[in-house]
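Written out below as structure tokens is the structure these notes cover.
None of these values were measured; they are calculated from a predicted model. Each residue takes its place number in the sequence, starting with 1.
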Amino acid sequence: MTKTKIITTGGAGYIGSHTAVALQEAGFEVVLIDNLSNSNEEVVHQIAKITGTTPRLEKVDLCKEQEAFACFQRHQDAMGVIHFAALKAVGESVAQPTRYYHNNLVSMLHVLEAMQKHNIPNLIFSSSATVYGQPDQLPVTENTPLQEAASPYGQTKQMNEVMIRDAVHAGEIPQAISLRYFNPVGAHDSALIGELPIGIPNNLMPFITQTAIGIRKELAVFGGDYDTPDGTALRDYIHVMDLAEAHVQALQFQLEGKQNEKYDIYNLGTGVGSTVLEVIHSFEKTSGRKLPYRIVDRRPGDVAMIYANVDKAAKSLGWRTQRDLDEMTRTAWKWEQYAREKMGS
Ligand code: NAD
Ligand code: UD1
């Protein structure tokens, strides 16, 4: 039986590679389109070690019109596109806004144009909780009003959502789903794939694991005077494999014709917030290591608390997270050790 083909743009990256595993395990044929600007082609072999199947990798820059269109033409039999490809570093986007607008908007335009041209019927988009800014009410639902994005990166997510919504409403694309991820962390249990940030990490979990392994001296905890249970900021961390499985369920929902709204939005989180100290304590428990940390001033631009209401994804997609905070810190640590060992550092 021929498998249903799915294109994943940015499929060699952190979330894309975990989703490729989940898609292959669910019986899909997966094509990764990636320019490898923030990933490595070796990931296809790692995916093959986990699933027994090597996904096809198309080394293509989606901003290059000819390249992008030729690639979609080769895969015009695909039934869906999951669009992960983007630049994603918030601080870098403030320093290099034009590069971010160019990459994240032009690649999106080319995906929409190519899907239209080849009648590829389903789109799933990687959006972010960053679109909510500092919400007035918690937990945030999909109807919580969006705030002015705090960074060019956040602006591109809001703009991408608008581009998709308008294309769907005009009938250019039959149906699409935006998935607003909260804080993805952790790695596949095999430790064959994971997140490997370039340079000094901005995000909490890679900073914790790099500190524990000795690359960083200590973790700076940004702010101890927030109005939260222990004074440190609170986020909705979600295991990357739970996130990956949500993509499979969203796609199956589309393919089975269950999507009522032609353009739909889902929050993806656990629905439970954890403070920075809770994450540290979980890490210390699952790794058996003491983590050196110090509470310092708040990081400019940070919100005190944000966590998701995930009822909509549970009700419509039948999706629920399976993995708790300890599983997130355990797999993040396992991956850090594996990755360092492999790189010989
Ligand atoms: P990642 O950087 O690991 O993966 C993105 C991939 O896209 C990379 O492999 C990169 O090489 C590729 N890419 C970038 N520009 C491209 C282009 N022009 N053409 C082809 N390939 C290109 O990032 P990730 O963490 O896996 O994030 C995936 C998506 O999820 C992104 O859209 C990101 O904005 C979004 N997101 C991520 C997080 C997070 O915390 N990781 C949170 C919310 C939303
Ligand atoms: C950041 C991005 C957001 C993106 C999300 C997931 C900003 C303003 N927002 O969110 O757009 O969608 O990552 O990739 O950058 N912390 C420390 N010490 C550290 C690092 C982080 O205490 O060294 C704290 C932060 O203050 C925050 C929490 O840990 O309270 C999580 O931080 P981080 O992983 O950077 O994610 P967000 O800030 O939630």
Side-chain angles (χ1 to χ4, degrees), residues 14 38 88-96 128-130 132-135 138-139 150-151 153-154 181-187 191 194-240 269-270 272-308 323-341 343-345:
Y14 170 48
N38 196 35
K88 63 161 185 177
V90 174
E92 192 180 62
S93 81
V94 176
Q96 302 172 15
S128 167
T130 196
Y132 294 115
Q134 169 74 79
L138 291 172
S151 69
Y153 166 73
Y181 312 157
F182 278 65
N183 288 60
V185 294
E195 183 183 22
L196 207 52
I198 296 164
I200 302 172
N202 294 307
N203 294 123
L204 179 64
M205 194 65 85
F207 209 105
I208 287 178
T209 57
Q210 290 195 8
T211 304
I213 212 154
I215 299 171
R216 315 272 157 223
K217 236 175 79 209
E218 69 176 5
L219 171 76
V221 173
F222 298 136
D225 57 352
Y226 285 112
D227 187 13
T228 59
D230 60 24
T232 63
L234 181 144
R235 297 287 183 277
D236 189 340
Y237 298 93
I238 173 170
H239 195 289
V240 66
T270 58
V272 178
S274 304
T275 64
V276 177
L277 288 180
E278 283 169 345
V279 177
I280 293 173
H281 294 147
S282 165
F283 178 81
E284 291 185 329
K285 185 169 99 185
T286 58
S287 69
R289 295 208 173 191
K290 199 101 196 93
L291 191 81
Y293 72 85
R294 191 161 47 97
I295 297 183
V296 301
D297 287 347
R298 295 178 178 191
R299 180 170 68 176
D302 270 356
V303 301
M305 287 208 270
I306 183 164
Y307 60 100
R323 299 157 181 93
D324 63 10
L325 183 61
D326 286 349
E327 187 59 11
M328 300 181 211
T329 56
R330 186 185 72 78
T331 54
W333 178 231
K334 193 175 171 188
W335 160 250
E336 180 74 54
Q337 291 169 291
Y338 174 89
R340 295 298 153 200
E341 197 182 290
M343 289 187 307
S345 61

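- Of all heavy-atom pairs spanning Gly223 and Ile295, the tightest one is C-CG2, 4.0 Å.
- Counting only heavy atoms from C-beta outward, the side chains of Leu196 and Trp335 approach each other to under 4.5 Å.
- Side chains of Thr286 and Thr329: a donor-acceptor N/O pair is present below 3.5 angstrom, by distance only.
- The shortest distance between side-chain heavy atoms of Val296 and Phe222 falls below 4.5 Å.
- Using a 4.5 Å heavy-atom cutoff, the side chains of Asn38 and Lys88 are in contact.
- You'll find the side chain of His281 stays beyond 4.5 Å of the side chain of Glu278, heavy atoms only.
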When you look at Ile280 and Leu219, which way does the side chain to side chain contact (heavy atoms under 4.5 Å, CB included) test go after all the steps?
-> CA-CA 10 Å; Ile280 293 173; Leu219 171 76; 3.6 Å; yes

Check the pair Asp302 / Tyr226 against side chain to side chain contact (heavy atoms under 4.5 Å, CB included), numbers first and verdict last.
-> CA-CA 11 Å; Asp302 270 356; Tyr226 285 112; 3.7 Å; yes

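- One distance of note links CG of Asp297 with CG of Asp225; it measures 8.5 Å at 0.5 Å rounding.
- Asn203 places no side-chain N or O within 3.5 Å of a backbone atom of Met205 that could act as its donor or acceptor partner.
- If you take OG1 on Thr331 and CG on Asp326, they are separated by 10.5 Å, rounding to the nearest 0.5 Å.
- Side-chain contact check for Ile306 versus Arg235: some heavy-atom pair is nearer than 4.5 Å.
- Atom-to-atom distance recorded for Leu325:CG and Glu327:CD is 10.5 Å, nearest 0.5 angstrom.
- Considering all non-hydrogen atoms of both residues, Thr270 and Ile238 come closest at CG2-CA, 4.3 Å.
- Between Leu204 and Tyr237 there is a side-chain heavy-atom pair separated by less than 4.5 Å.
- Under a 3.5 Å cut-off, the side chain of Asp236 and the backbone N or O of Ala308 do form a donor-acceptor pair.
- Of the charged side-chain nitrogens involved, none lies within less than 4.0 Å of a carboxylate oxygen, so that Glu336 and Arg289 do not count as a salt-bridged pair.
- Looking at every heavy atom in both residues, Ala212 comes nearest to Trp333 through CB-CZ3, 3.6 Å.
- Inter-residue side-chain proximity for Glu195 and Pro201 is flagged as unmet; no heavy-atom pair is nearer than 4.5 Å.
- Taking each heavy atom of Thr228 and Ala304 in turn, the nearest pair found is CG2-O, 4.1 Å.
- Nearest heavy atom pair, residue Arg323 against residue Met328, reads O-CE, 3.8 Å.
- The two residues Pro292 and Lys217 have their closest heavy-atom pair at CG-O, 3.4 Å.
- In this structure, Phe207 and Ile200 have side chains that are in contact, with non-hydrogen atoms separated by less than 4.5 Å.
- Screening residues 199-213 for salt bridge (Lys or Arg N to Asp or Glu O under 4.0 Å) gives no qualifying pairs among residues at least two apart or on separate chains.
- Of the inter-residue distances, the one linking Glu218 atom CD with Arg294 atom CZ reads 4.5 Å to the nearest 0.5 angstrom.
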